[in-house]
**Student:** 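My questions will all concern the structure given below.
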Amino acid sequence: MIERLGRKTVDAIKAVGGFGHFVGDLARAVPDVAVWGRLTLVQMRRVGVDSLPVALFIAAFTGVVLALQASYTFTGTVPLYFVGTLVGKTMMLELGPVLAGLALAGRVGASMAAELGTMKVTEQVDALETLAYDPQSFLVLPRVLAGTTMFPVIVALAILTGIVTGWIASLVLLDLSTQEFLKGLKLFYRFKDTWFGLFKSATFGCTITLVGCVVGLSTRGGAEGVGRSTTRAVVYSAVLLLVLDAFWALVLLR
Amino acid sequence: MIEFQDLRKAFDGRPVLDGFTLRVQDGETTVIIGYSGTGKSVALKHVVGLLQPDAGDVIVDGRAVSTLDRAALTALRREIGFVFQFAALFDSMSVFDNVALGLRRRDLSDDEIAARVQEALALVDLTGAEERLPAELSGGMRKRVGIARAIALRPRYILYDEPTTGLDPVTSAVIDQLMVRTREHLRVTGIVVTHDMRSAYTVGDRIAMLYEGKIRQVGTVAQIQETEDPVVRQFIEGRPT
Ligand SMILES: Nc1ncnc2c1ncn2[C@@H]1O[C@H](COP(=O)(O)OP(=O)(O)O)[C@@H](O)[C@H]1O
Ligand SMILES: [Mg+2]
């Protein structure tokens with residue numbers, strides 16, 4: 001039992017050490033702009049195309065549900081224009097980034113882990129190295145940069161979509177006027193609401209793509225290994241994302 | 001010259017290479033034969049620094065591979081072409097881009113790169129296949145693209161990992177011919193890992209058998225064919241125990 005715990009601890013320390021090493025390698029790849037510059041644009045398009053539809057779909061429904069839940073909770077005791085406040089705040093601070101993040105983990109993180117995992121087990125990663133390319137600058141950096149920069153954009157659009165569908169639901173289903181909805185939306189708005197959500201999204205995008213790449217590149221054992229890596233990437237990045245979410249709330253919202 | 005000096009490598013505590021020593025003379029093609037899973041690929045990967053030895057080293061022209069820093073390792077890799085077992089072509093790139101990729105890391109103009117790619121593809125009889133994707137190629141064609149990718153860089157050494165495994169006898173013979181032609185054309189020193197004895201006899205100047213982590217015997221093709229070592233005999237004759 002103690003022995004097993006000891007081994008687990010050693011494994012965990014090794015994993016953290018390996019990860020630190022990985023990030024160090026990544027930093028070393030940064031000057032190699034000629035290699036990763038163009039590839040980053042390709043990955044940005046991919047991150048956008050892969051995750052935007054899902055993110056907007058989820059946000060659209062969330063906006064409606066938030067509006068209905070708010071009015072249900074207020075039961076006439078709280079003025080109904082607070083629906084706007086609740087929809088706006090919740091979308092911007094929490095649900096926009098987190099729900100889109102989980103969608104991104106499932107789509108983009110998984111596909112990156114599968115892609116790099118396949119490249120690893122078919123020796124394409126080795127081949128890159130023998131052709132004098134650094135897999136960090138050729139494969140990892142473009143993906144992580146794309147995730148970090150594109151994800152806030154996707155989340156911004158998701159937040160906007162959620163607020164718009166929340167507003168429409170308020171008009172159609174709750175007999176709230178546009179003025180009242182906007183009044184509620186502006187009531188406690190602070191600029192921090194916006195940057196907090198978007199900053200958080202950037203860290204989510206970075207985490208998800210980084211985990212996808214790390215897990216993908218450590219794949220072993222053929223097609224089965226690729227399958228394992230794919231699910232592992234989704235689980236790890238989803239867990240990390242939620243932990244990170246709580247962390248930012250603790251650090252930045254208190 | 002490539003020298004494996006008492007190379008040792010274990011995975012998860014299980015030794016794979018256990019005192020592997022072999023000298024590959026310039027201008028020759030040395031074939032490494034051995035059962036599947038004995039560590040032939042592992043040995044090759046040490047030559048280009050894809051794996052780090054637990055002990056011992058590979059010496060390439062006086063440079064101990066495991067001690068090289070990144071820049072020196074990159075310089076070394078430029079002299080060594082590696083042909084992977086399943087070709088390891090980049091799925092998302094055309095044949096042209098696969099062959100051109102390594103050249104784009106050199107100071108070459110686009111025209112020079114195109115010319116070198118054409119030349120390499122011509123050498124493997126794949127002129128006209130530039131725009132095709134790896135998924136559209138047969139196994140033999142993929143291997144040939146893999147060879148073209150290596151020779152386009154005009155390396156001094158080429159390492160072939162099981163170049164004929166999984167191919168039909170005729171396609172295998174084509175690949176064998178290609179390896180011989182490459183050696184004559186480019187005067188490269190080669191290491192060929194295989195368990196295809198016909199191929200070993202065709203392309204090899206010398207043959208070395210890897211067995212239980214060490215070289216069991218090394219000799220010219222004639223010496224190996226006349227060996228009295230029962231382990232080597234059994235392997236080259238393909239007899240079940
Ligand atoms: N990166 C690795 N991690 C763990 N084990 C490995 C690795 N590479 C090879 N091995 C193991 O080393 C042994 C030799 O493999 P290999 O060199 O591929 O054999 P072969 O002679 O068929 O080329 C196998 O048992 C393989 O599982
Ligand atoms: Mg092998």
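None of the values given here were measured: they were computed from a predicted structure. All chains are named by letter (A, B, ...) in the order of the sequence lines, taking the proteins before the strands, and each is independently numbered beginning at 1.
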**Student:** For residues 45-62 of chain A, tabulate all N or O donor-acceptor pairs below 3.5 Å that involve a side-chain atom, not counting sequence neighbours.
**Tutor:**
| from | atom 1 | to | atom 2 | distance (Å) |
| --- | --- | --- | --- | --- |
| A/R46 | NH1 | A/Q43 | OE1 | 3.3 |
| A/R46 | NH1 | A/E115 | OE1 | 2.7 |
| A/R46 | NH2 | A/S111 | OG | 2.8 |
| A/R46 | NH2 | A/E115 | OE1 | 3.3 |
| A/S51 | OG | A/V47 | O | 2.5 |
| A/T62 | OG1 | A/I58 | O | 2.6 |

**Student:** Give the minimum heavy-atom separation between A/A127 and B/A88, together with the two atoms involved.
**Tutor:** CB-O, 4.0 Å
**Student:** Testing the basics here: between B/R105 and A/L131, what is the closest heavy-atom pair and its distance to 0.1 Å?
**Tutor:** CG-O, 3.9 Å
**Student:** Does atom CG of B/D69 have more than 12 heavy-atom neighbours, drawn from other residues, nucleotides or ligands, at distances under 6.0 Å?
**Tutor:** yes
**Student:** Below 4.5 Å, heavy-atom pairs only: which of B/R104, B/R70, B/R78 has the largest tally toward chain A?
**Tutor:** B/R70
**Student:** At a heavy-atom distance under 4.5 Å, which candidate from A/M119, A/E129, A/Q124 has the highest pair count against chain B?
**Tutor:** A/Q124
**Student:** Taking all heavy atoms of A/T130 and all of B/F82, pick out the closest pair and write down the distance.
**Tutor:** CG2-CB, 4.0 Å
**Student:** Within a strict 4.5 Å, meaning less than it, do heavy atoms of the A/T122 and B/L89 side chains meet?
**Tutor:** no
**Student:** So which of A/L128, A/V125, A/T118 has the largest heavy-atom pair count under 4.5 angstrom toward chain B?
**Tutor:** A/L128
**Student:** I'd like to know if A/D134 pairs up with B/R77 as an ion pair, taking the criterion as any Lys NZ or Arg NE/NH1/NH2 lying under 4.0 Å from an Asp or Glu carboxylate oxygen.
**Tutor:** no
**Student:** Got more than 12 heavy atoms from elsewhere within 6.0 Å of CD, A/E224?
**Tutor:** no
**Student:** For the residue pair A/F138 and B/L101, establish whether any side-chain heavy-atom pair is separated by less than 4.5 Å.
**Tutor:** yes
**Student:** So, are B/K45 and A/E123 salt-bridged, with charged N and O less than 4.0 Å apart?
**Tutor:** yes
**Student:** So with a 6.0 Å cut-off around CZ of B/F86, is the heavy-atom count from everything else above 12?
**Tutor:** no
